[in-house]
Amino acid sequence: MNHLDSLNEKQRQAVLKTDGPLLILAGAGAGKTKTITYRILHLIRQGIAPNSILAITFTNKAAKEMRERVWKLLSEDKSLNAPISFEERPFVSTFHSLGVHIIKENAQRLGLTRHFTIFDRSDSRRAVKDAIVELGLDPKQYEPNTILSIISREKGNSTDIHRFAESVGNDYMREVVHSVWQKYEASLRKEKALDFDDLLLKAAELLEKNEDIRARYQDRWRYVHIDEYQDTNKVQYKMARLISGGHKNICVVGDVDQNIYSWRGADIKNILSFEKDYPGATMVVLEENYRSTQTILEVANHIIKKNKNRFEKNLFTRKGEGEKIALYQAYDEGDEARFVAEKAQSLIEKGVDPSEIAVLYRANFQSRALEEAMLSRGVAYQVLGVKFFERKEVKDVLSYIRAALNRDSLSDLQRIINVPARGIGKVTIAKIFSGMIDSLSASHAEKWRSFNEILDDIAKKSQAEKASDLVRFVVKRTGLEDLFKSGADEDLERLENVYELATLATKYDFMIPGEGLSKLLEDAALATDQDEMEEDKPAVRLMTVHASKGLEFQYVFITGLEQDLFPHRAMESKREKRDDEEERRLFYVAITRAKKKIFMSHASIRTIFGSRQVAVPSEFVFDIPEKHLEEEERHSSGGKVIYFDI
């Protein structure tokens, strides 16, 4: 069978357009991953070297799926005479992993080693808070998270500290941010570390300011694919342009209607202006949906057509009409949660896999009532957002490894120097970090020597051991295993978690010692909420609509459909104005997660920030044509609802 036979006409058109700029507008569920992977296969069948192909997406989950699908296609294609080795494979990763790759290969240009530390959000928050205190400011008045978010947003806009300094002017708050940022950058340099945003900013700077580096990557990756292009921020946009600048063989895939991340810097203009940025570009629109019923798609099309900043498209399917959208009007959030839990329980009793049921909400606080209802009915559930790599004991093991490989990583050293307890106090730590080792007492000097001996052993083993064996060695050599074994039940749970880290590390064991460990540390630092979803666990998924992007489920509950909750009212600043089009796109994303049926709900009264408030149904509810809606009966034990003026 020809490799193009399973594609529809528009997908085939996108696959066959191999040279020059190409924009693929792919509606939700329209088979964009299939189109990209078959395009990669087609390029290789045309004689293009596999390792000259780059494919970038946003989430680790999406990158993993794309990588596996590409490899499956290549390994099963009989027309490819020779097997493709691991080193020859197309480079498929996230933007952040690409940034790490470029930085590691050019670490010396940035004054780093290949084993530089990556600050996670909590590391960055701590360093920013330290900077605020050092400046004599009050962290309660100048909230570390707020300042860190400003710095993060600026870096995403491709603004470094020097350019930011030029824009400070007479704005006092920007002066504070600049002062904090200076000390924060000094901390990063001292520890030979980069934060999450630096992985993109520094990679872009390397490409932009060094012609030899830019030419090397342009020559290496002659065919560039960027997935979820509507979610790119300025620095990601710049990276894509710089890498594809020589040959212009860039294929971007995206959906304007799913642009929901402007709050973290995603710029919808990147996709809307693609044809202007790349003259002569071809545009292909994928409208056939392979996920949802026609009813779901008609509702989605009807909702999104109100937006002005978009390309016109209409999703359709051959799956059939399907069920109507169920709408439940709850009395309050407790009633709503009971409805969701009981309906989920009923579906599960009818044989639906619990992991095919998703409960979506606009704001994290909504999960509390939903969790309570699930617990009271014995419905197994999983909340996305509890990250394995952020558990203390897991971070401790990883910190031991990072500190062993990078002795300048003071944040890692500080984290583990007394885990298990060694009796090294704050004064002693301050002396050590200030380089005053000679002033330590004999007993403290011995404790410091013993601690360094552990790090030396880990560093030595890291060069020879497989990743999983090294994790097991760290757990034993550091004394963590003995500590947890002698503790209470919660300590035994911590021990299970560090054992689980060793199990997880086995997937890197096929790599060369050192490289596998480096990849484990990189993936741990870049883990996202979706990576925590245990795909084999039979449990209902609870998550924000933002976290659901890229996922699909047979049954989807969209809760809290009330005005000022969804669409959401910006709470952070009076100067912020709600982006009505983005809120509508977010609702569109929620709808298009469903394969079979959608249950929508809203409450008449909801408690927000401790205050009971009368809630008005969302405008989105009124936008849905009545012919597509069916009203769900009120919860049986809720009794008759009488509305009072409040």
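In this text, all values refer to a predicted model and were calculated from it rather than measured experimentally. Basis for what follows: all heavy atoms, side chains included, without hydrogens, waters or symmetry-related copies.
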Is there a donor-acceptor pair under 3.5 Å between the side chain of Glu321 and the backbone N or O of Gln294? no
Check step by step if side chain to side chain contact (heavy atoms under 4.5 Å, CB included) holds for Glu287 and Phe316. CA-CA 6 Å; Glu287 294 176 298; Phe316 70 92; 4.1 Å; yes
Can you list the steps and then say if Glu9 with Arg12 is a salt bridge (Lys or Arg N to Asp or Glu O under 4.0 Å)? CA-CA 5 Å; Glu9 181 186 346; Arg12 193 178 299 119; over 6 Å; no
Taking all non-hydrogen atoms of both residues into account, name the closest pair between Leu370 and Val359 and its distance. CD1-CG1, 3.9 Å
Donor-acceptor side-chain pairing of Gln382 and Arg541 below 3.5 angstrom: yes
Stepwise, does the side chain to side chain contact (heavy atoms under 4.5 Å, CB included) test hold for Ile260 with Arg585? CA-CA 6 Å; Ile260 59 172; Arg585 291 194 293 268; 4.2 Å; yes
Any salt bridge between Glu581 and Arg584, counting N to O under 4.0 Å? no
Under a 3.5 Å cutoff, is there a donor and acceptor pairing between the side chains of Gln11 and Gln13? no
If you take all heavy atoms of Val15 and Leu7, which pair is closest and at what distance? CG2-CD1, 3.7 Å
Is the distance from the ring center of His568 to that of Trp263 below 6.0 Å? no
Any salt bridge linking Glu630 with Lys597? Criterion: basic side-chain nitrogen under 4.0 Å from a carboxylate oxygen. yes
Heavy atoms, side chains only, cut-off 4.5 Å: are Arg318 and Glu288 in contact? yes
Could you measure the distance from the OH atom of Tyr229 to the CD1 atom of Ile268? Nearest 0.5 Å is fine. 13.0 Å
Give a yes or no on whether the backbone of Ala28 and the side-chain of Arg291 come within a donor-acceptor separation of less than 3.5 Å. no
If you count every heavy atom of other residues, nucleotides or ligands that lies below 6.0 Å from Lys324 atom NZ, does the total exceed 12? yes
Over 60° means perpendicular and under 30° means parallel, so tell me whether Phe339 and Phe557 are parallel, tilted or perpendicular. perpendicular
Separation between CD (Glu323) and OG1 (Thr293), nearest 0.5 Å, reads 8.5 Å
Hey, is Glu312 close enough to Arg310 for a salt bridge, meaning N to O under 4.0 Å? yes
Donor-acceptor pair, Thr559 side chain versus Leu360 backbone, under 3.5 Å? yes
Heavy-atom donor-acceptor pair, Gln258 side chain to Gly254 backbone, under 3.5 Å: no
Which of Thr232, Val100, Thr57 passes side-chain contact (heavy atoms from CB on, under 4.5 Å) with Phe95? Answer is Thr232
How long is the span from the CE atom in Met66 to the CD1 atom in Ile40, to the nearest 0.5 Å? 6.5 Å
Are Arg368 and Glu372 ion-paired here, with the side-chain N under 4.0 Å from a carboxylate O? yes
Ile226 CD1 to Leu23 CG distance, which is reported to the nearest 0.5 Å: 12.5 Å
Between the side chain of Glu552 and the main-chain N/O of Lys595, is any donor-acceptor distance below 3.5 Å? no
Where do Leu629 and Val621 come nearest, in terms of heavy atoms and distance? CD1-O, 4.4 Å
Is it the case that Glu333 and Gln366 place a side-chain donor and acceptor less than 3.5 Å from each other? no
Contact between Thr317 and Ser292 at the side-chain level, heavy atoms closer than 4.5 Å - yes or no? no
Does this structure show an ion pair linking Lys32 with Asp255, if we count only N-O contacts that are shorter than 4.0 Å? no
Check whether any side-chain heavy atom of Met283 sits under 4.5 Å from a side-chain heavy atom of Phe311, and report yes or no. yes
Test your reading of the model: is there a side-chain donor-acceptor pair from Tyr261 to the backbone of His546, 3.5 Å cut-off? yes
Looking at side-chain heavy atoms only, is the closest gap between Lys549 and Glu228 below 4.5 Å? yes
Which heavy atom in Ala266 sits nearest to a heavy atom in Asn259, and how many Å separate them? CB-ND2, 3.9 Å
Do Phe91 and Asn51 make a side-chain contact, defined as non-hydrogen atoms from C-beta onward lying under 4.5 Å apart? no
Is Glu76 salt-bridged to Lys72, cutoff N-O under 4.0 Å? yes
Polar contact flag, side-chain donor to acceptor under 3.5 angstrom, Tyr588-Asn307: no
Hey, does Leu74 have a side-chain heavy atom less than 4.5 Å from the side chain of Pro90? yes
Do Gln230 and Val256 come close enough that some side-chain heavy atom pair is under 4.5 Å? no
Applying side chain to side chain contact (heavy atoms under 4.5 Å, CB included) to Ile271 and Leu25, what does each step give before you reach the verdict? CA-CA 9 Å; Ile271 191 167; Leu25 282 178; 4.0 Å; yes
Is Arg241 positioned over the aromatic face of Tyr278, cation under 6.0 angstrom from the ring centre and no more than 45 degrees off axis? yes
The test is side chain to side chain contact (heavy atoms under 4.5 Å, CB included); show your working for Arg89 and Arg67 and say whether it passes. CA-CA 9 Å; Arg89 294 184 191 189; Arg67 204 177 295 120; 5.6 Å; no
Hey, does the side chain of Thr37 reach the backbone of Lys34 with a donor-acceptor pair shorter than 3.5 angstrom? yes
The reported gap from OG in Ser604 to CD in Glu562 (rounded to nearest 0.5 angstrom) is 8.0 Å
Taking atom NZ of Lys313 as the centre, does the number of heavy atoms from other residues, nucleotides or ligands within less than 6.0 Å exceed 12? yes
Indicate yes or no: does Arg377 engage Glu342 in a salt bridge with an N to O separation below 4.0 Å. yes
Are Phe566 and Phe620 close enough that their ring centres sit under 6.0 Å apart? yes
Ignoring hydrogens, what is the shortest heavy-atom contact between Arg606 and Gly560? Give both atom names and the distance. NH2-CA, 3.5 Å
Looking only at side chains, do Tyr328 and Asp335 share a donor and an acceptor under 3.5 Å apart? yes
Heavy-atom check, side chain of Gln236 versus side chain of Asn233, under 4.5 Å: yes
Would you give the length of the straight line joining atom CG of Asp77 to atom CD1 of Ile44, rounded to the nearest 0.5 angstrom? 9.5 Å
On a heavy-atom basis, the closest approach of Ala373 and Arg338 is CB-N, 4.0 Å
Donor-acceptor check, side chain of His225 to backbone of Leu54, threshold 3.5 angstrom: yes or no? yes
Backbone of Pro617 reached by a side-chain donor or acceptor of His602 within 3.5 Å: no
If only atom types and distance count, is the side chain of Thr59 paired as donor or acceptor with the main-chain N or O of Ala62 below 3.5 Å? yes
Would you call Lys596-Glu356 a salt bridge at under 4.0 Å N-O? no
